[in-house]
Number of protein chains: 2
Amino acid sequence: MDRRKSILEAAERSFSMFGYKASTVDQIAKIANVGKGTIYTFFANKEELFSEIITNLVKETKLAASKAIKEDRPFYENLHYALYEVIEFRKTHQLAVKLSQEVKEMNTSPVTDALQRIEKAVLNFVQKELDIAVEKGEIKECPTDIVAFMMVKLYLALIFDWERDNPAIQKEKMLEVLEMFVMDGLRKS
Amino acid sequence: MDRRKSILEAAERSFSMFGYKASTVDQIAKIANVGKGTIYTFFANKEELFSEIITNLVKETKLAASKAIKEDRPFYENLHYALYEVIEFRKTHQLAVKLSQEVKEMNTSPVTDALQRIEKAVLNFVQKELDIAVEKGEIKECPTDIVAFMMVKLYLALIFDWERDNPAIQKEKMLEVLEMFVMDGLRKS
DNA sequence: GAAATGACCGAATGACCAAAATAGTCATAA
DNA sequence: TTATGACTATTTTGGTCATTCGGTCATTTC
């Protein structure tokens with residue numbers, strides 16, 4: 001068994017369950033069935049181990065979203081499926097959820113950085129897709145940086161904040177309203 | 001000079017400058033040129049004083065927005081003017097900025113509550129306006145609770161989060177994009 | 001007599017330090 | 001050469017005590 005890999009897996013599980021701060025290197029070593037020193041032969045320190053996990057998470061999420069995007073489908077369908085993929089991904093990999101909780105209640109600085117990196121990546125991805133869609137003439141000309149920002153913020157708010165004090169809505173319903181709002185706005189056609 | 005009023009003004013200034021926790025009752029009394037005991041003849045405790053300030057601010061902001069809304073104007077114009085009115089309402093903004101900063105870095109619980117109250121009030125206001133507009137047939141049918149939520153979150157994100165790691169943009173430009181997004185969406189017409 | 005006040009009180013806070021836990025190292029073992 | 005856990009250095013925690021602050025009330029002011 002690849003030691004490096006089992007360390008990464010153990011760490012991801014631990015971070016997902018207990019958060020960054022509450023995960024000790026000793027514990028991660030135990031889970032990985034590896035001596036503590038071994039971890040330091042592969043990673044400079046706890047923060048770098050964490051950082052690599054985040055990098056992988058971003059990569060995998062991007063991949064999941066990319067898989068949902070087909071050249072020949074209209075923009076909003078791609079958007080719809082990609083968002084769906086990302087939501088599913090978040091659900092199965094609880095890491096991002098746990099981390100945003102940790103940031104909220106104790107402002108752990110490496111975790112704040114990590115979440116910012118994730119958001120940046122998502123923003124980048126969305127903006128690129130928007131650029132392509134504008135290029136293809138599928139959507140109107142617009143400042144794609146601002147629009148990407150708005151879309152991501154909307155998405156995050158709906159996923160994380162809506163259920164705080166509103167009755168839960170179906171994922172499908174949510175995507176549908178989001179799509180209506182994003183694509184056509186409120187004006188009566 | 002009305003003592004109650006000067007206490008409220010002093011407290012508002014202090015909360016805006018130093019936040020809730022860092023504002024001491026002694027200090028507020030000093031600023032108001034009033035004995036500390038006097039504050040307690042008007043307000044049961046620090047939290048109620050704070051609460052009344054928030055209530056007033058919400059009321060004033062609502063009033064400002066209402067002034068911009070005219071029955072006989074189309075929805076998007078009302079939206080436009082109301083947004084401008086609110087964004088120019090400095091008093092509310094400054095306090096809101098300071099308070100959200102405080103919540104972020106020390107989770108002061110009365111402050112969290114206050115911000116939630118403000119958001120609730122805004123949400124309510126927006127939803128009511130949306131309901132009216134739907135009723136009048138000015139905008140399409142939609143789940144106004146979710147749409148109100150989306151509009152408010154968008155506004156807050158643009159105002160408070162955009163400049164965190166993006167080049168500042170003109171207020172006008174920002175509101176223009178927001179309006180486009182909300183009214184017409186991205187679809188090419 | 002009613003309203004205002006600031007000295008006073010108990011609770012909450014935070015500075016400080018010792019003790020415990022944890023990150024990171026390295027001599028030894030496999 | 002690679003892996004390891006006992007060891008060290010650093011950080012966090014738990015407990016203390018002095019200080020601060022919210023809130024009261026006997027006294028003063030008008």
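In what follows, chains are A, B, ... by sequence order, proteins preceding strands, each numbered from 1. On a predicted model such as this, the values are computed, not experimentally measured, just so you know.
- Side-chain proximity of B/Val25 to the nucleotides D/dT13, C/dA4, D/dG22 is greatest for D/dG22.
- Dashed line: the shortest gap from a side-chain N or O of A/Arg3 to OP1 or OP2 of D/dT4 is under 4.0 Å.
- In this structure, the nucleotide among D/dC21, D/dT13, C/dA23 sitting nearest to the side chain of A/Tyr40 is C/dA23.
- For the pair A/Leu158/B/Met150, a side-chain contact is recorded, criterion being any heavy-atom separation below 4.5 Å from C-beta on.
- Using modelled atom types, one finds a donor on one side chain and an acceptor on the other under 3.5 Å when comparing B/Ser14 with B/Gln27.
- Heavy-atom contacts from other residues, nucleotides or ligands closer than 6.0 Å to CZ of A/Arg13 number 12 or fewer.
- Distance from the side chain of B/Val34 is smallest to C/dT5 among D/dA6, C/dT5, D/dG22.
- Across D/dG22, D/dA6, C/dA4, the shortest atom-to-atom separation from the side chain of B/Thr41 is found for C/dA4.
- Of the charged side-chain nitrogens involved, at least one lies within less than 4.0 Å of a carboxylate oxygen, so that B/Glu88 and B/Lys171 count as a salt-bridged pair.
- As rounded to whole Å, 14 Å separates atom P of C/dA23 from atom CD1 of A/Ile7.
- Of the listed nucleotides (D/dT13, D/dT4, D/dA6), D/dT13 has the atom at the smallest distance from the side chain of A/Lys21.
- When distances run from any side-chain atom of B/Thr38 to the nucleotides D/dG22, D/dA3, C/dT5, the shortest one goes to C/dT5.
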